[in-house]
Amino acid sequence: MAIETDAAHTPGGLAKPGRSLKGPLSFAIACFLIWGLAYGLLDVLNKHFQETLSISQADSAWLQIAYFGAYLLLSIPAGMLLHARGYKFGIVTGLAVTAVGALLFIPAAGAGAFLPFVGSMFVLAAGLCVLETSADTYVNVLGDPAKASQRLNLAQSFNALGVFFGPLIGGAVFFSPTTTEALGGPTRSIQIVYGLIAVGVVLFAIAVWRARLPETGLSDHGGAVEGDAPALPLSKQPHFVAGVITQALYIGAQVGIGAYFINLVTHNWEGLSSQKGAFMLSLAAIGYLVGRFAATALLLKVKPRVLLTTYGVINVILTLIVAAGVNIISPVALIAVFFFMSTMFATIFALGTTGLGAATKKASSLMVMAIGGGVLLPWPMGKIADTYGANIAFLLPAACFVVVAWYGWKGAGLGQKTTAI
């Protein structure tokens with residue numbers, strides 16, 4: 001994908017026309033790696049606390065509820081901050097709050113109770129919410145609007161790389177008695193991991209603060225062009241409204257799948273330990289990563305709506321296979337689900353914010369708020385898993401993927417006058 005220059009897309013011009021957007025785009029994309037790592041560790045902690053703190057699958061879902069509840073509550077304030085202070089300030093603020101949340105894991109681990117971890121996770125996720133609102137929007141507007149889906153899929157590939165390392169680190173540290181003992185016990189291992197994350201995030205925040213990130217003219221990105229829908233309030237843009245709903249349900253499915261992945265594979269693969277289940281989650285994350293890059297390439301040839309519809313239908317079939325509870329086959333199908341989930345967030349985001357002109361920033365913050373949909377499925381899936389088994393719980397993600405397929409097929413075209421997407 002070619003790197004554009006800002007002169008081609010900023011009305012009124014910048015101080016230095018023709019400056020490459022490669023540097024700013026690189027900084028924004030690096031942010032995706034950070035919240036990918038945080039999310040990858042989240043799913044491992046879910047199973048870890050079930051075992052070390054003796055909590056149920058439903059109760060462990062409070063980690064996911066805290067994480068995605070922060071997105072639900074803070075995405076609009078994050079969007080207001082972004083509009084008032086700009087992309088750079090938003091990214092640095094998000095990084096700073098994320099570092100504070102990571103540091104809070106140190107006293108939480110010392111307390112040895114579940115509730116302090118939930119509170120620490122909420123603070124960490126609050127920072128990630130501000131960071132993601134800023135970085136998602138920045139990548140979306142940083143170049144040719146027609147290539148927004150490609151840029152977001154490329155950026156989300158690095159998010160998937162972080163998701164890969166999360167369970168790999170968690171499995172090696174939290175589920176390995178030898179490593180845990182070498183680090184000073186379960187409490188100390190959590191403190192070391194999250195302390196190192198805090199240090200890394202602070203160093204990156206300093207680098208971003210010192211960098212030059214263009215702001216001028218980007219707020220007008222996505223302005224009306226031939227074939228775009230007329231300037232209407234967001235509530236009267238049906239493709240946007242449907243996009244937010246679809247995004248919320250998709251994130252709910254993704255979060256529920258990740259939260260109970262280890263439970264599912266250890267239940268349907270005889271002799272598989274929790275540590276090996278965590279490593280299998282990393283394997284699934286590799287599929288997610290490969291799927292990101294594959295989608296970036298496919299979008300050069302295939303329309304985003306076609307790709308989204310196809311992947312949605314495939315995941316409906318795969319999650320039904322998972323729900324069937326077939327030994328070994330169901331875990332393999334669940335791993336495959338990650339490959340086909342890979343493009344969904346970025347593609348729904350880009351399709352939902354198409355043709356919104358000056359309302360793009362506000363629309364983007366609402367689309368990020370839809371990440372709060374992560375609170376929808378973990379608890380009911382946990383209750384179903386506790387009562388009927390983990391497999392049956394995966395019928396809920398299957399229903400969400402039906403909606404994703406519908407959005408690619410029909411929803412993204414609601415109110416649109418062009419078939420270019």
Side-chain angles (χ1 to χ4, degrees), residues 1 75 132-133 135-157 159 221-254 291-292 294-315 340-357 359-371 373 400-421:
M1 180 179 66
S75 290
E132 187 161 0
T133 301
D136 267 331
T137 310
Y138 200 39
V139 170
N140 194 41
V141 303
L142 203 60
D144 184 354
K147 297 180 180 179
S149 290
Q150 291 172 255
R151 285 194 303 276
L152 279 170
N153 272 286
L154 175 63
Q156 291 285 344
S157 298
N159 171 269
H221 180 94
V225 295
E226 183 179 356
D228 272 354
L232 294 172
L234 291 177
S235 61
K236 295 184 179 180
Q237 299 275 11
H239 77 288
F240 168 73
V241 175
V244 170
I245 294 171
T246 303
Q247 192 75 284
L249 292 173
Y250 161 65
I251 294 296
Q254 178 187 320
R292 293 283 195 192
T296 302
L298 283 171
L299 285 168
L300 295 172
K301 302 288 186 180
V302 181
K303 291 181 179 180
R305 286 178 58 185
V306 173
L307 192 65
L308 186 64
T309 302
T310 303
Y311 278 18
V313 170
I314 291 173
N315 264 357
F340 295 103
M341 284 198 300
S342 60
T343 188
M344 290 181 179
F345 174 82
T347 305
I348 294 168
F349 190 104
L351 290 173
T353 56
T354 295
L356 298 179
T360 299
K361 276 187 177 179
K362 182 179 180 181
S364 295
S365 68
L366 291 171
M367 192 65 78
V368 172
M369 185 179 76
I371 295 174
C400 293
F401 288 129
V402 170
V403 177
V404 172
W406 168 84
Y407 185 70
W409 179 46
K410 292 288 186 180
L414 296 175
Q416 299 285 74
K417 295 181 180 180
T418 178
T419 58
I421 57 174

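Values reported hereafter were calculated over all heavy atoms of this structure, with side chains retained and with hydrogens, waters and symmetry mates removed. Start at 1 with the first residue, then count along the sequence.
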More than 12 heavy atoms from other groups under 6.0 Å of CH2 on Trp406:
yes
Of the non-hydrogen atoms in Ser342 and Gly291, which two are nearest, and what is the gap between them?
OG-C, 3.1 Å
Euclidean distance, Thr343 OG1 relative to Leu298 CG, rounded to 0.5 Å
8.5 Å
N/O donor-acceptor pair under 3.5 Å between Gln247 side chain and Phe345 backbone:
yes
Heavy-atom distance under 4.5 Å between the side chains of Val404 and Leu308, does that happen here?
yes
Provide the closest heavy-atom pair for Leu366 versus Val244 in the form atom of the first, atom of the second, distance.
O-CG1, 4.3 Å
Nearest heavy-atom pair of Thr354 and His239: which atoms, and what distance?
O-NE2, 3.0 Å
Report the distance from atom CE of Met344 to atom CG of Leu307, rounding to the nearest 0.5 Å.
9.0 Å
Parallel, tilted or perpendicular: which fits the ring planes of Tyr311 and Phe340, with parallel below 30° and perpendicular above 60°?
perpendicular
Could you grab the distance from atom OG1 of Thr309 to atom CD1 of Ile314, nearest 0.5 Å is fine?
11.0 Å
Measure the spacing between CZ of Phe240 and CG of Leu351 and express it to the nearest 0.5 Å.
13.0 Å
Please report the closest heavy-atom contact between Leu356 and Ala363, naming both atoms and the distance.
CD1-CB, 3.4 Å
Is the backbone of Arg305 close enough, under 3.5 Å, to the side chain of Tyr407 for a donor and an acceptor to pair up by distance?
no
Please name the pair of heavy atoms, one in Ala253 and one in Phe401, separated by the smallest distance, quoted to 0.1 Å.
CB-CZ, 4.2 Å
Give the minimum heavy-atom separation between Met367 and Ile348, together with the two atoms involved.
CE-O, 3.9 Å
Taking Tyr250 for its side chain and Gly373 for its backbone only, find out whether a donor-acceptor pair lies under 3.5 Å.
no
